[in-house]
Student: 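I'd like to ask you about the structure that follows.
Residues: numbered from 1 along the sequence shown.
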Amino acid sequence: MSSLNQVQLIGNLGADPDIRYSQAGNRIATFSMATTEKWTVKDTGEIKEKTEWHRVVVFSEGLAGVVEKFAGKGSRVFVQGRLQTEKWTDDAGVERWFTKVVLSAFGGKLVLLGDAGGGGGREPEPSSAREPENTDLDDEIPF
């Protein structure tokens, strides 16, 4: 039986995404994403919360383009990808580990869910080729 490496998250971007290009010219989007769990303490009624931060890397050209054009700090998103851990040695010689969520062209998904607090996200650029709206609507049903 094969194994499964898949993660799904819904949260908010912590900052505007970073867009860069690979040596082959492919667009890559990277952003930090916060997921927050809230609960109420039964005895006191106090509301508690815990925020986890995730690093997301988008290798899919199409999804990276969507992130570049429409996502910004505070944007609420759904992501589906796989976990990938990297190891490196810091300046003090200590081995460090870093886990990120990778969205590739196959199996990666990203859905923009809207802005948190009304402040995040980028407005789509206006298009001069946009179809004019039809303001002459007929209320008759055609059947």
Side-chain angles (χ1 to χ4, degrees), residues 1-139 141:
M1 180 178 200
S2 26
S3 60
L4 176 66
N5 178 354
Q6 183 179 62
V7 61
Q8 297 179 333
L9 302 170
I10 295 177
N12 299 87
L13 272 65
D16 287 339
D18 179 42
I19 307 298
R20 56 191 166 86
Y21 292 86
S22 69
Q23 290 180 345
N26 297 324
R27 184 178 5 218
I28 300 169
T30 306
F31 57 88
S32 60
M33 179 178 174
T35 56
T36 303
E37 176 185 7
K38 293 183 182 183
W39 69 94
T40 303
V41 177
K42 191 173 188 176
D43 297 339
T44 64
E46 180 185 6
I47 297 174
K48 297 267 191 167
E49 68 178 47
K50 181 179 179 181
T51 300
E52 294 285 341
W53 286 93
H54 314 275
R55 194 73 177 154
V56 180
V57 181
V58 183
F59 288 107
S60 165
E61 177 70 26
L63 294 179
V66 169
V67 170
E68 180 179 29
K69 290 180 184 176
F70 302 111
K73 181 178 180 178
S75 293
R76 189 156 183 80
V77 296
F78 164 83
V79 297
Q80 178 178 301
R82 61 184 168 81
L83 294 178
Q84 182 176 320
T85 304
E86 295 181 7
K87 180 176 92 168
W88 79 96
T89 305
D90 67 12
D91 294 338
V94 178
E95 285 188 347
R96 304 275 183 185
W97 298 85
F98 178 79
T99 301
K100 59 188 173 184
V101 178
V102 176
L103 280 62
S104 59
F106 301 103
K109 293 183 183 178
L110 179 134
V111 178
L112 299 172
L113 300 175
D115 297 338
R122 300 178 186 166
E123 291 296 320
E125 296 179 16
S127 171
S128 59
R130 181 176 283 177
E131 292 285 326
E133 291 185 26
N134 184 2
T135 58
D136 184 28
L137 298 176
D138 189 356
D139 288 341
I141 298 174

Student: Charged N to carboxylate O under 4.0 angstrom, K50 versus E37?
Tutor: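 Looking at E37 together with K50, the answer is no, because their closest N to O distance does not fall below 4.0 Å.
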
Student: Of all heavy-atom pairs between S32 and A15, which one has the smallest distance, and what is that distance?
Tutor: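 The answer is OG-N, 4.1 Å.
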
Student: Given the rule in the side-chain contact (heavy atoms from CB on, under 4.5 Å) test, do F31 and V58 qualify, once you have shown the distances and angles that lead to the verdict?
Tutor: CA-CA 9 Å; F31 57 88; V58 183; 3.9 Å; yes

Student: Are side-chain heavy atoms of R82 and Q6 found at a separation under 4.5 Å?
Tutor: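 R82 does not reach Q6 side chain to side chain.
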
Student: Mind checking the NZ-CG spacing from K73 to N12? Nearest 0.5 Å is all I need.
Tutor: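 If we round to the nearest 0.5 Å, K73:NZ and N12:CG are 11.5 Å apart.
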
Student: What's the shortest heavy-atom distance between T35 and G11, and which atoms?
Tutor: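 Scanning both residues completely, I find the closest heavy atoms to be CG2-CA, 4.3 Å.
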
Student: For M33 and V79, which heavy atoms make the closest approach, and how far apart are they?
Tutor: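 Scanning both residues, the minimum pair turns out to be SD-CG2, 3.8 Å.
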
Student: Rounded to the nearest 0.5 Å, what's the gap from CG on L13 to CZ on R76? Could you check?
Tutor: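 Those atoms lie 11.5 Å apart.
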
Student: Could you tell me whether a side-chain N or O of S104 sits under 3.5 Å from a main-chain N or O of G108, the two making a donor and an acceptor?
Tutor: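 Looks like no, no N/O pair under 3.5 Å.
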
Student: May I ask you to test the L113-I10 pair for a side-chain heavy-atom distance under 4.5 Å?
Tutor: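 Contact flag for L113/I10 side chains = yes.
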
Student: Using modelled atom types only, decide if a donor and an acceptor are shared between the side chain of N5 and the backbone of L83 within a distance under 3.5 Å.
Tutor: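 Judged by distance alone, yes, a pair lies under 3.5 Å.
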
Student: What's the shortest heavy-atom distance between L112 and A71, and which atoms?
Tutor: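 Where L112 meets A71 most closely, the heavy atoms are CD2-CB, 4.1 Å.
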
Student: Set out, in order, the CA-CA distance, both residues' side-chain angles and the distance that settles side-chain contact (heavy atoms from CB on, under 4.5 Å) for W97 and E86, then state yes or no.
Tutor: CA-CA 6 Å; W97 298 85; E86 295 181 7; over 6 Å; no

Student: Take T30 and R55 through the test side-chain contact (heavy atoms from CB on, under 4.5 Å) and record every step on the way to the result.
Tutor: CA-CA 7 Å; T30 306; R55 194 73 177 154; 3.3 Å; yes

Student: Roughly how far apart are K109 NZ and Q80 CD, rounded to 0.5 Å?
Tutor: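 One finds 5.0 Å between NZ of K109 and CD of Q80.
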
Student: Quick one: closest heavy-atom pair of G72 and D16, and the distance?
Tutor: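 G72 and D16 have their closest heavy atoms at CA-OD1, 3.3 Å.
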
Student: Considering all heavy atoms of both residues, which atom of L103 and which atom of V101 are nearest to each other, and what is their separation?
Tutor: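 Where L103 meets V101 most closely, the heavy atoms are CD1-CG1, 3.8 Å.
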
Student: Test E49 against I47 for side-chain contact (heavy atoms from CB on, under 4.5 Å), laying out the working first.
Tutor: CA-CA 7 Å; E49 68 178 47; I47 297 174; 5.8 Å; no

Student: Taking the side chain as every heavy atom from C-beta outward, state whether R96 and T89 have any pair of such atoms under 4.5 Å apart.
Tutor: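 No, too far: nothing below the 4.5 Å cut-off.
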
Student: Between atom CZ of R27 and atom CD1 of I19, what is the distance when rounded to the nearest 0.5 Å?
Tutor: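 With rounding to 0.5 Å, CZ (R27) is 7.0 Å from CD1 (I19).
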
Student: Please confirm whether the backbone N or O of V102 pairs with a side-chain atom of Q84, one donor and one acceptor, at under 3.5 Å?
Tutor: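 No, Q84 side chain to V102 backbone: no donor-acceptor pair under 3.5 Å.
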
Student: Answer yes or no: is there a donor N or O on one side and an acceptor on the other, between the side chain of T44 and the main chain of E46, under 3.5 Å?
Tutor: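 Such a contact is found between T44 side chain and E46 backbone.
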
